[in-house]
Amino acid sequence: MCGIAGILTDKTDLRSEKKLIEKMSATLKLRGPDGKGEYITQSAALIHRRLAVIDIENGAQPMHFGKYVIVYNGELYNTQEIRRELEAYGYKFNTHCDTEVVLKAYDKWGNESPKKLNGIFAYAIMNKENNELFLCRDRIGVKPLYYAKKSGLFAFASRIQTLLCIPQIKPVVDENGLNEIFMLGPAKSIGTGIFRDISELAPACTMTVKGNRFEIKRYWSLEAKEFEENESEALEHTHFLVSDAIKRQLISDAPLATFLSGGLDSSIISKLASDEYRKRGKVLDTYSVDYTDNDKYFEKSLFQPNKDSDYISLISGAIGSNHHNIILDNSEVAKALYDAAVARGVPAFADIDSSLLLFCREVKKNFTVCLSGECADEIFGGYPWYHRKEILFEECFPWSRSTDVKRSILKDGFLKSGEEYLQNAYDKTVKSTSYLESDSPLEKRMKEMFVLNLNWFMQTLLYRKDVMSMEASLEVRVPFCDWRLVEYAYNMPWSIKAYDGREKGILRKAFEKELPKEIVWRKKSPYPKTHNPVYFALVSELARKAIYDKNCALSEFINPMAIEALIENPDSMTEPYYGQLMRAPQVLAYIYQIYVWIKNYNVEFDI
């Protein structure tokens with residue numbers, strides 16, 4: 001993976017702005033520690049930082065072909081098919097990297113070329129003859145891409161921090177941004193960058209920029225289609241799509257491993273990866289994460305019915321992987337909240353972020369590429385809210401059903417329209433859902449839930465995975481985000497998807513012969529978080545530091561008595577703040593990270 005950025009302007013000569021361009025490039029260094037490059041003219045600059053994974057010797061960027069130049073962040077998983085098609089048209093290739101394929105595909109098919117691509121990517125291609133810029137983001141939104149338009153200037157980047165290097169782009173947050181943080185957070189609306197001056201190119205969209213003309217087009221969307229397979233055919237098709245996605249993503253010229261939690265999704269990935277490695281005479285390395293003394297303090301819940309550690313050795317032994325269990329110190333997890341908040345560019349995701357950052361740093365000591373199991377729960381109905389009828393048909397985000405805790409920690413009268421903002425975000429998403437006229441109320445609702453989870457819950461997890469892994473200069477691939485699999489699962493009837501009445505039932509059944517029975521049919525368990533009271537004590541003090549700092553605007557928003565009450569009685573939270581992941585310790589950490597974000601980015605508020 002890499003980091004990209006660029007500027008178009010008619011207000012200044014960019015050839016004299018080398019300090020600014022160097023500053024922007026420096027913010028991308030961890031995304032691309034293996035090389036850097038720039039393309040600079042009077043009115044345009046393209047910036048690239050490279051993490052070398054494919055064709056390490058020859059894949060330097062920006063890359064030129066004819067009148068075009070590209071900066072590219074991502075991985076393409078159908079490189080060979082597109083290369084062969086282009087070769088049939090007479091194109092010659094000088095490298096083995098996917099960047100050259102993307103560039104020459106654009107030369108051949110222009111703005112329609114993204115429809116050919118299967119991968120995770122964000123890229124920019126400039127026409128050097130007329131300064132027209134083409135931006136594109138992958139269908140699911142695995143790779144981030146932000147942009148800003150300001151007084152004769154257009155800029156884009158993989159990171160928000162990069163855009164804030166530009167003097168014209170200000171770190172100002174208005175009421176909409178505050179509603180994003182305190183009502184929707186740690187999720188955020190697709191298209192927003194929280195800061196008023198910064199926007200996000202939505203997944204599956206392209207953007208064409210020339211002078212003062214800006215045109216955004218969607219090149220893919222989920223569309224309801226008749227599902228014409230029976231249960232047996234669906235099992236076979238699911239197995240093929242999952243297996244094909246995983247095998248395609250094992251291609252790497254850099255060392256590769258897998259994340260292995262002991263759950264279904266990562267076990268499928270690790271099993272198939274191990275089989276492929278065995279054919280090559282290699283042993284797969286797998287990694288899991290836990291916390292000091294977590295077994296001692298673990299308590300079962302609806303969202304986390306059992307410990308991952310009970311299953312990891314079982315699956316690792318079954319597939320014959322060389323397994324590494326990373327144990328994180330709780331004080332280090334609390335300390336890393338700061339780094340995670342700074343890395344994200346928008347308010348962060350508590351220890352769900354900081355622990356992943358530490359984990360990725362450990363993995364990076366030996367590996368550059370990993371495969372992870374994100375997306376399976378969203379597309380195959382893995383979360384409890386798909387299966388609990390009292391939640392399923394509620395007209396709200398199922399992972400954020402109540403604003404009671406959010407309201408309690410805010411000062412009276414703050415963000416009066418917060419609930420309306422939240423409901424509007426929900427309503428807009430539901431209205432965008434594609435149905436069949438023949439869909440039953442249940443099938444219609446399941447399609448709505450699919451879109452809600454894909455556009456919100458999963459986007460939060462994908463952004464977390466991208467930022468925390470790239471902050472460790474580690475590339476993480478997500479096979480279940482293959483768009484073919486997402487599109488197929490969207491139209492699968494619930495009766496087939498929930499095979500045997502189980503969450504991810506079709507996926508379990510499709511791979512039951514290849515995994516231990518205990519792994520296939522275990523209850524879903526989310527990403528592990530710490531249960532240690534040492535961590536709670538640490539984040540309690542960090543939260544107090546945040547809310548009592550009168551030199552920070554956060555103190556104007558937060559009700560300190562509510563924070564003190566939460567510290568004194570953490571069990572008073574009857575519902576999680578956000579899905580299954582945020583309880584009292586995570587809420588306190590979230591408050592602290594908002595504080596870090598405000599201080600570090602010198603955030604100004606216009607409300």
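What you see below is based on every heavy atom in this structure, not just the backbone, and it leaves out hydrogens, waters and symmetry mates. Remember, it's a predicted structure, so these values are computed and weren't measured experimentally.
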Go through the steps to decide whether Leu422 and Leu184 satisfy the test side chain to side chain contact (heavy atoms under 4.5 Å, CB included), and finish with yes or no. CA-CA 7 Å; Leu422 183 66; Leu184 290 168; 3.3 Å; yes
Exam field: side chain Gln593 to backbone Ala350, donor-acceptor pair closer than 3.5 Å: yes
Judged by atom type as modelled, is there a donor-acceptor pair below 3.5 Å linking the side chain of Gln459 to the main-chain atoms of Ile140? yes
Would you check if the distance from the ring center of Tyr463 to the ring center of Phe349 is below 6.0 Å? no
Under 3.5 Å: donor-acceptor pair, side chain of Thr206, backbone of Cys136: no
Any Trp597 side-chain heavy atom under 4.5 Å of Val603 side chain: yes
Less than 4.0 angstrom from a charged side-chain N to a carboxylate O is my criterion; do Glu22 and Lys19 meet it? no
Which atom pair, heavy atoms only, marks the closest approach of Leu14 to Ser43? CD1-C, 3.5 Å
Check ion pair Arg361-Asp339 (N to O, under 4.0 angstrom): yes
With a 6.0 Å cut-off on the ring centroids, do Tyr578 and Tyr590 count as close? no
So which heavy atom on Val478 is nearest to which on Gln249, and how close? N-OE1, 3.5 Å
Please report the closest heavy-atom contact between Ile54 and Ser252, naming both atoms and the distance. CD1-CA, 3.7 Å
Can you see whether Tyr601 engages Gln161 through a side-chain donor-acceptor pair at a distance of less than 3.5 angstrom? yes
Please work out which of the three classes, parallel, tilted or perpendicular, describes the rings of Phe359 and Phe259, given edges at 30° and 60°. tilted
Distance-only, no hydrogens or angles: does the Asn73 side chain make a donor-acceptor pair with backbone N or O of Cys2 under 3.5 Å? yes
Over all atoms of both residues, closest heavy-atom pair of Leu410 and Asn559: O-CB, 3.8 Å
Determine, stepwise, if the pair Ile166 / Met24 fulfils side chain to side chain contact (heavy atoms under 4.5 Å, CB included). CA-CA 8 Å; Ile166 301 170; Met24 292 173 68; 4.0 Å; yes
Does NZ in Lys18 sit with more than 12 non-hydrogen atoms of other residues, nucleotides or ligands closer than 6.0 Å? no
Quick one, Leu328 and Glu332 - any side-chain contact, counting heavy atoms below 4.5 Å? no
Give, for atom CG of Asp412 and atom CZ of Arg407, the distance between the pair rounded to the nearest 0.5 Å. 9.0 Å
Within this structure, what is the OG-NZ distance for the pair Ser469 and Lys364, rounded to the nearest 0.5 Å? 10.5 Å
Are Asp549 and Lys599 packed together at the side-chain level, in the sense that at least one heavy-atom pair is separated by less than 4.5 angstrom? yes
Which distance, rounded to the nearest 0.5 Å, do you find between the CE of Met63 and the CD1 of Ile125? 11.0 Å
Is any side-chain heavy atom of Leu164 closer than 4.5 Å to a side-chain heavy atom of Phe195? yes
When rounded to the nearest 0.5 angstrom, what is the spacing between CG in Asn455 and OG1 in Thr460? 10.5 Å
Determine, step by step, whether Gln168 and Ser151 satisfy the side chain to side chain donor-acceptor pair (under 3.5 Å) criterion, reporting the C-alpha distance in whole Å, the side-chain angles of both residues, the deciding distance to 0.1 Å, and the verdict. CA-CA 8 Å; Gln168 296 96 314; Ser151 58; 5.3 Å; no
On the 0 to 90° scale, with breaks at 30° and 60°, tag the Trp399-Phe457 ring pair as parallel, tilted or perpendicular. tilted
Note, Leu153 side chain near Lys11 side chain (heavy atom, < 4.5 Å): no
Using only atom types and a distance under 3.5 Å, with no angle test, would you say the side chain of Ser266 pairs donor to acceptor with the backbone of Ser261? yes
Tell me whether the count of non-hydrogen atoms from other residues, nucleotides or ligands lying under 6.0 Å of CG in Asn212 goes above 12. no
Say whether, by atom type as modelled, one donor and one acceptor occur between the side chain of Thr192 and the main chain of Ser189 under 3.5 angstrom. no
Let me confirm one number: the CG-CG distance from Asp98 to Leu76, rounded to the nearest 0.5 Å. 5.5 Å
Mark yes or no for whether Asn532, through its side chain, and Thr292, through its backbone, hold a donor-acceptor pair below 3.5 Å. yes
Below 30° counts as parallel, above 60° as perpendicular, anything between as tilted: where do the rings of Phe121 and Tyr72 land? parallel
Leu30 and Met470, any side-chain heavy atoms less than 4.5 Å apart: no
Exactly one candidate in Tyr421, Phe397, Trp456 meets ring pair (Phe, Tyr, Trp, His ring centres under 6.0 Å) with Tyr426; the answer is Phe397
Could you walk me through whether Leu133 and Phe156 pass the side chain to side chain contact (heavy atoms under 4.5 Å, CB included) check? CA-CA 11 Å; Leu133 184 69; Phe156 69 89; 3.8 Å; yes
Is the shortest side-chain heavy-atom distance between Met458 and Cys481 below 4.5 Å? yes
Aromatic ring pairing Phe414/Phe182, orientation class (parallel under 30°, perpendicular over 60°, tilted between): perpendicular
For Lys36 against Ser25, the heavy-atom pair lying closest together: CD-OG, 4.2 Å
Using 4.0 Å as the upper bound for N to carboxylate O, is an ion pair formed by Arg477 and Glu75? yes
Checking Asp606 side chain against Val172 main chain: does a donor-acceptor pair fall under 3.5 Å? no
When you look at Leu135 and Phe154, which way does the side chain to side chain contact (heavy atoms under 4.5 Å, CB included) test go after all the steps? CA-CA 12 Å; Leu135 301 170; Phe154 176 85; 3.6 Å; yes
If the threshold is 4.0 Å, N to carboxylate O, is there a salt bridge linking Arg159 and Asp466? no
Taking Arg137 for the side chain and Leu201 for the main chain, is one N or O donor matched with an acceptor at less than 3.5 Å? yes
Before you tell me yes or no, could you show the steps for Thr530 and Asn330 under side chain to side chain donor-acceptor pair (under 3.5 Å), namely the whole-Å CA-CA distance, both residues' side-chain angles and the distance that decides it to 0.1 Å? CA-CA 7 Å; Thr530 180; Asn330 288 280; 2.4 Å; yes
On a heavy-atom basis, which atom in Pro144 and which in Ser158 lie closest, and how many Å separate them? CG-O, 3.6 Å
Okay, side chain of Ser555, backbone of Asn551: is any donor-acceptor separation there less than 3.5 Å? no
CD-CG distance between Glu419 and Asn179, expressed to the nearest 0.5 angstrom: 9.0 Å
Just jot down the salt bridge (charged side-chain N to carboxylate O under 4.0 Å, His left out) partners of Lys406, sequence neighbours excluded, or say none. none
Answer with yes or no whether the side chains of Tyr535 and Asp351 bring together a donor and an acceptor at under 3.5 Å. yes
Should Glu420 and Gln423 count as side-chain neighbours, where that means a heavy-atom distance under 4.5 Å? no
